[in-house]
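Read through the structure below, which is laid out as structure tokens, and then see the notes.
Just so it is clear: chains get the letters A, B, ... in the order the sequence lines come, proteins before strands, and each one is counted from 1.
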Amino acid sequence: MSIIFNNVRISMSGKFFPGQKVLVEKGKINMVGSSIHKNVEKSIECNQKYLVPGLIDAHSHLGLFESCSPMNDIAESWAEITPHLRPLDGIKMRDRAMEDARRAGITTCMVCPASELPIAGICSILKTNGNSADVGLIVEQAGVLMSFGEAPKANARMTEKPHSTRMGLTAVIRETLMKAQDYYAAKQSKKVIKDREIDMEALIPLIRGEVPMRACAHRAEDIMAAIRIAEEFKLKLVIEHGTEAHLLTSILAEKKIPVVLGPTLLPRFREELNEKTFESAIILMDAGVDVALTCDYPGLPIETLRVAAAMAMQYGLDERRALAAITEIPAKILGVDERIGKIKKGYDGDLALFSGHPLDIRSKLEALVVDGDLFIFSNDVKVEMGS
Amino acid sequence: MKTVLEKGNVFYQGKFQELDKLVIEKGKITEIVLASAKAKKGKAVPATKKKPEVAGKTIDCTDKYILPGFIDAHTHISLEEEGVGWYDADFNESYGLATPHVRAFDALKMRDRAFKDALAGGVTTAMITPGSANPIGGQCCIVKMVGNIAEDAVIKESSGMKFAFGENPKRVYGEQKKFPSTRMGTAAVIREWLMKAQDYLKRKKTKEFKEREIRLEALIPLIEGKIQARAHAHQADDIITAYRIAQEFNLDLVFDHCTEGHLIAKELGKWKARAVVGPTLSSRSKAELKNKTFDTVGILMDEGCVVALTTDHPVMPIESLSVAAAMCVRHGLDEERAIKAITENPAIILGLDKRLGKLEVGYDADVVVWDGHPLDTRSKTEAVFVDGNKVI
């Protein structure tokens, strides 16, 4: 199947240029330019509307949280640590939020278990089309979610578990990583044939440095604890939430640690949110830190991803970087920047067509393409069927 | 950048003397000249070759008191942040029984108000330890009272292993209807883990060794004598039990609290004990505190023990460290030794007497200028330097 968007504005180095055409063929972006002449199956006349890469939220619980139900699949609250939990096994592709995501222009999400446990499970990267998670999933093991600070403390308190303090939480993470290192070393040596352990198996890609530790941390102290542990075990690291990351800009910049920032559009209902500010994005980005914005669905509704970027602009961020924070940069943080996050030849056919500027909240999403699958959300969009 | 403090009374070589000048450069004390030394040279002090003026600042301290920054060798600063609640209570892993692998360093919160209060009270260095709920509580750290991140403040990430004897572990586990609920049980838990650690260390040196155990890994530096055993013990018998175990396992032992130390002063003197005494200003809230007195410090010092005072913050606020020293003076201790108990002695106990606790050339420039006598509670800190930086 092939689709062409005629006469759209696309963003090039910070400015939207009108009169562009984008051709999607076999699920991929095939051509971008002002003069494309080709017979296509579907041709869409766009009248200078705005076309952006499909938006990406690098931290969500989409599909694990079950809309309108108290029975979600986000957290194994009663377990101690669960590195072996796979989001794939809990995602509900027909949950209403999946449709909400598409209608918000979001084509890709990182999905992970909740941050209740010190080690919660693996992170997967999912497209929002598809009838089964197996189809939508583009990378299954894209990181291991760990958690510092109040969330695991609150869980330990509720479930009367050990490690109810920051000391205990970091200790249990170190203990598990130490075991995983030794487990992997024993496995490598091949002399000892050991029974596999499912939680240790899940940690091997992390120990090998193939995927990052995704560390949920709000307070500066908790971010530092994550950095300390990542350095001790030579792990790649991404900071999730990062409410106080702007207090550590020079450290994060120097160590090249990216931040998936947010959700910021929330009241300060916990102590660790005290320093929350929409200025974080510009402070961190000015220092050279890679920042992606997140709404941490269901922390905030998935539709608010664009709002987060618009709020960052209200607090001083420029348009180019605000858009990058929900497209290119999350793609880079997720390690899939060679296939998504840009409108570029060879990239996945993930596109969102907005009636006006994408960061003007009044603009409507009119059409969405995910891996070449076309979704139309507006009667204003006229699709001409080609020969 | 050079800072010069001129004139005033300096606590130097164990007593107050008249200062001519004290020079701070690059975080260290680089020169101390007493007024008496200058006077001896008399008028002959020649106008030496005029050195080019180094950019710097001179502070006139006439009538002021200049002291080394105080050191509290036993606190829980920021583990339970003040004014916050359970969100930031990181005090005791009290479901763990033996948690040698937890580290106070990982729970520091550098923006806790207590750090600022400490500086205002003239305290520039503190040892921070996990609580005393567990027979083996975890690792202590030593930090200065400044810095945005713990790494900026740290002197030692792991300086000692906390053990608890007496009522606390008994109460915590007894109330959970668990072992140990007696003093015998507490000692048994400690012995069991130390024994395991010794054997683990032996096994680790062999070829069969494959998998590490984080609790035992944490105990290795203790067994090897690289970090101290810090024994929370109030009652005389608990102090002796701690000593007994330390002897059995050849540990480098420091007594914390030591409330009934004066009842076994002869023994402690013979053992050349190092004791961190306090918080004596707090009330007698449990049975093991019934013999608490400010006399303990002097009695132990007379027997030759190295004694430091503690506030055990947040049990008593960190600012009360100088008040505790003043209380000892009221109970008969001489002023010099009372000041040593919050400067030189804690530095010795923490193994930092080569860089902290005294005003000496080459020592860290942790210097506090008081507007009156530091043991007069009405006096306040006018200037506080940590590593040569003026923080107040």
Side-chain angles (χ1 to χ4, degrees), chain A residues 148-151 153-154 156-187 189 191-192 194 200 218-229 231-232 244 247-251 269-275, chain B residues 76 78-81 83-112 128-131 133-134 137-141 147-154 157 162 176 204 207-218:
Chain A
F148 297 80
E150 286 171 29
K153 268 173 75 78
R157 198 173 133 93
M158 176 190 74
T159 57
E160 296 184 5
K161 269 201 280 265
H163 49 78
S164 60
T165 67
R166 284 177 165 83
M167 297 186 293
L169 292 166
T170 47
V172 82
I173 291 174
R174 278 203 182 87
E175 180 176 11
T176 310
L177 290 172
M178 190 184 272
K179 264 193 211 159
Q181 273 184 339
D182 292 351
Y183 178 86
Y184 178 59
K187 206 171 158 160
S189 76
K191 281 180 196 156
V192 230
K194 281 194 62 174
M200 292 295 125
H218 289 273
R219 286 188 64 139
E221 286 79 8
D222 294 324
I223 296 172
M224 284 310 301
I227 293 175
R228 209 173 286 143
I229 289 178
E231 288 186 345
E232 281 168 32
E244 291 186 353
L247 304 179
L248 299 172
T249 32
S250 55
I251 292 166
F269 58 84
R270 292 203 309 238
E271 174 64 27
E272 63 186 4
L273 301 178
N274 194 29
E275 297 286 333
Chain B
H76 310 282
S78 89
L79 296 189
E80 186 156 353
E81 190 175 2
V84 173
W86 70 265
Y87 279 146
D88 285 313
D90 296 310
F91 205 33
N92 277 307
E93 267 301 325
S94 51
Y95 296 90
L97 205 60
T99 52
H101 58 316
V102 312
R103 313 190 316 162
F105 187 71
D106 291 313
L108 298 185
K109 301 172 197 75
M110 297 310 294
R111 282 157 296 151
D112 188 344
I128 301 179
T129 163
N134 296 352
Q139 299 166 43
C140 317
C141 62
N148 281 328
I149 57 172
E151 272 81 353
D152 291 345
V154 71
E157 271 189 41
K162 176 74 175 282
Q176 292 178 32
K204 202 176 171 182
K207 278 184 181 165
E208 291 96 75
F209 181 81
K210 285 284 176 303
E211 282 170 19
R212 289 167 297 169
E213 216 287 276
I214 194 167
R215 286 174 179 75
L216 299 172
E217 287 287 328

Problem - Whether over 12 other heavy atoms sit under 6.0 Å from B:Asn148 CG - result: no
Handout entry: Working for salt bridge (charged side-chain N to carboxylate O under 4.0 Å, His left out), residues A:Glu271 and B:Lys109
Key = CA-CA 13 Å; A:Glu271 174 64 27; B:Lys109 301 172 197 75; over 6 Å; no
Exercise for the section: For residues A:His163 and B:Thr99, determine if any side-chain heavy atom of one lies less than 4.5 Å from a side-chain heavy atom of the other. Expected result: no
Handout entry: Straight-line distance of A:Arg228 CZ to B:Phe105 CZ, nearest 0.5 Å
Key = 4.0 Å
Fill in the blank from the handout: Interatomic distance, CD@A:Glu221 vs CG@B:Leu108, rounded to 0.5 Å, equals 8.0 Å
Exercise for the section: With a 4.5 angstrom heavy-atom cut-off, could you sort out which part of A:Ile223 is near chain B: side chain, backbone, both or neither? Expected result: neither
Handout entry: Nearest-0.5 Å distance that lies between atom CG in A:Asn274 and atom CZ in B:Arg111
Key = 9.0 Å
Handout entry: All side-chain contact (heavy atoms from CB on, under 4.5 Å) counterparts of A:Ser250, not counting sequence neighbours
Key = none
Completion exercise
In terms of heavy-atom pairs under 4.5 Å with chain A, the winner among B:Glu213, B:Met110, B:Glu211 is B:Glu211
Completion exercise
Taken in chain and number order and not counting sequence neighbours, the residues that satisfy ring-ring contact (aromatic ring centres under 6.0 Å, His included) with B:His76 are B:His74, B:Phe91
Exercise for the section: Compare all side-chain heavy atoms of B:Ile149 with those of A:Leu248 and state whether any distance is below 4.5 angstrom. Expected result: yes
Exercise for the section: State the CG-CE distance between B:Asp152 and A:Met224, to the nearest 0.5 angstrom. Expected result: 8.0 Å
Practice task
Measure the spacing between CE of A:Met178 and CZ of B:Arg212 and express it to the nearest 0.5 Å.
Solution key: 4.5 Å
Handout entry: Region of A:Ile251 that comes under 4.5 Å of a non-hydrogen atom in chain B
Key = side chain
Practice task
Give, as side chain, backbone, both or neither, the part of B:Arg215 having an atom under 4.5 angstrom from any heavy atom of chain A.
Solution key: side chain
Problem - Heavy-atom closest pair, residues B:Ile214 and A:Ala171 - result: CD1-O, 4.0 Å
Exercise for the section: Find out whether B:His101 and A:Val172 are in side-chain contact, i.e. whether some heavy atom of one side chain is under 4.5 Å from a heavy atom of the other. Expected result: no
Problem - Heavy-atom check, side chain of A:Met167 versus side chain of B:Arg103, under 4.5 Å - result: no
Handout entry: chain A contact via B:Glu217 - side chain, backbone, both or neither, heavy atoms under 4.5 Å
Key = side chain
